[in-house]
There are 2 protein chains.
Amino acid sequence: MYSIGDIANIMGINTSAIRFYDRNGLLPFVQRDKAGRRKFKPEDLNFIEVIDCLKKSGVPVKDIAQFISLCMQGDQTLQERYDYLDDEEEKLSRKIEKMQTQLEFLQYKKWYYKTAIKEGTEDIHFLPNSRMIDPQTRNEFEEKRKATADIHELTDL
Amino acid sequence: MYSIGDIANIMGINTSAIRFYDRNGLLPFVQRDKAGRRKFKPEDLNFIEVIDCLKKSGVPVKDIAQFISLCMQGDQTLQERYDYLDDEEEKLSRKIEKMQTQLEFLQYKKWYYKTAIKEGTEDIHFLPNSRMIDPQTRNEFEEKRKATADIHELTDL
DNA sequence: ATACGACTTAAACTAATGTTTAAGTCAAGA
DNA sequence: TCTTGACTTAAACATTAGTTTAAGTCGTAT
């Protein structure tokens, strides 16, 4: 059996966060000893693992509570649980894709500044007599990206 | 010149969010017409693009404001701006990697429920006389993952 | 026996990120 | 001219996700 402190260590969070999760329906399975202290069973680690994953995936506590509630209702909710996870998988996939797009933009901007530093001024990227970036600049970088095996060769100083 | 409403449309957010960003130092470059209305110059879209990217990357408003502040100081901060973006690129990379790990766990759990549904009970994954998941179960899935070209063949119903 | 550390609660507090409300200004079209 | 829609502000409100505080209860090691 694990104490709240043990679980906090396992999850790498504060005990107060665990109590917050409990208050919000994430831990209906937790038992108490006769002094009222929370006691987590070894099998509860299955729940902890899922909660930890969903938290790290950015799922709101309220939504996770719904999934846990399904789990407490036994085998009759297996399909609903599958559907829930299917949905979250889809959302997380899209999220990762969007993050990847932002990462690529950051890499472009690193190259933008790397080349500006080399010339001592950002002006090299602007259209004549303006501070608008030449629309060709991004294309130029993306061509170089395609031609370069390791992106950091292009972006790192 | 763009109005606050134009920019809100471009970013896909509410005008009140733009005003919030302005209050918090993200838009020091914005000008006003004689009625006091915000007027964004075409070149300001460069800033908007960066702000949008950093926001989508999960960077706090306060941190973005620091970067924008560097931008306002001219070419003397080119190196600092590069360093800032280098740092954010690194953070975002790690974030994406962690998300990927969570995605893989969700896929495992989908397979876990898919197989449970087939048998009509979650019990098939438990050790005898317990509700602890057989430690071999995850390994079994990961072997199948390696042997399968498209993960959804394995996880989808 | 008692002190310490880990636990309990309810309630107040914090921080981040906006949204909503109320009251007012202004330009343009009917 | 008058109305409408888009803008302005400050301030209040909302939500999420906790943390902190205050007061109290245990079990154990000295």
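Just so it is clear, the structure is predicted and the values come from calculations on it, not from any experiment. Convention: sequence-line order gives letters A, B, ...; per-chain numbering from 1.
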* To do: Carefully, step by step, assess A:Asp44 and A:Lys39 under the rule salt bridge (Lys or Arg N to Asp or Glu O under 4.0 Å).
  => CA-CA 10 Å; A:Asp44 293 344; A:Lys39 288 295 154 184; over 6 Å; no
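- Between the CG atom of B:Asn24 and the P atom of C:dA16 there is a distance of 10 Å, given to the nearest Å.
- Along DNA chain D, the nucleotide closest to B:Gly5 and the one closest to A:Tyr21 are compared, and the more 5′ of them pairs with B:Gly5.
- Computed from coordinates, the B:Ile18 CD1 to C:dG18 C1' distance equals 12 Å when rounded to whole Å.
- Note on A:Thr15: every side-chain N or O is 4.0 Å or more away from OP1 and OP2 of C:dA6.
- A:Gln136 and A:Asn139 share a donor-acceptor pair across their side chains, judged by distance under 3.5 Å alone.
- Heavy-atom contacts of chain B under 4.0 Å fall on DNA chain D between two terminal nucleotides, which in 5' to 3' order are D:dC7 to D:dT9.
- One atom, CG of B:Leu26, and another, C1' of C:dA16, lie 13 Å apart when rounded to the nearest Å.
- Counting all heavy atoms, side chain and backbone alike, A:Lys41 lies closest to A:Phe29 at NZ-O, 3.2 Å.
- Side-chain atoms of A:Ser69 and A:Gln73 form a donor-acceptor pair, as typed in the model, at a separation below 3.5 Å.
- Under the 6.0 Å distance and 45° angle rule, A:Lys109 counts as a cation-pi partner of A:Tyr112.
- Residue-environment remark: CZ (B:Arg94) stays at or below the threshold of 12 foreign heavy atoms within 6.0 Å.
- At a threshold of 4.0 angstrom between heavy atoms, the contacts of B:Arg19 include nucleobase atoms, whether or not backbone atoms are also involved.
- Within residues 53-67 of chain B, the residues approached by DNA chain C to less than 4.0 Å at the level of any non-hydrogen atom are B:Lys55, B:Pro60, B:Val61, B:Lys62, in residue-number order.
- No donor-acceptor contact under 3.5 angstrom links the side chains of B:Glu140 and B:His125, judged on distance only.
- The CZ atom of A:Arg37 sits 15 Å away from the P atom of C:dG5 (whole-angstrom rounding).
- If you check every strand for non-hydrogen atoms under 4.0 Å, B:Asn14 touches sugar and phosphate atoms only.
- Between B:Arg38 and A:Ile13, the residue anchored closer to the 5' end of DNA chain D is B:Arg38, taking for each the nucleotide with the nearest heavy atom.
- Residue-level contact check: A:Arg32 touches the backbone only, with heavy atoms under 4.0 Å from sugar-phosphate atoms and none from bases.
- Salt-bridge annotation for A:Glu142 and A:Lys146: absent, with no side-chain N of the basic residue lying under 4.0 Å from a carboxylate O of the acidic one.
- For A:Tyr84, the ring-ring contact (aromatic ring centres under 6.0 Å, His included) partners at least two apart in sequence or on another chain are A:Phe67.
- Atom CZ of A:Arg23 is separated from atom P of C:dA12 by 13 Å (rounded to the nearest Å).
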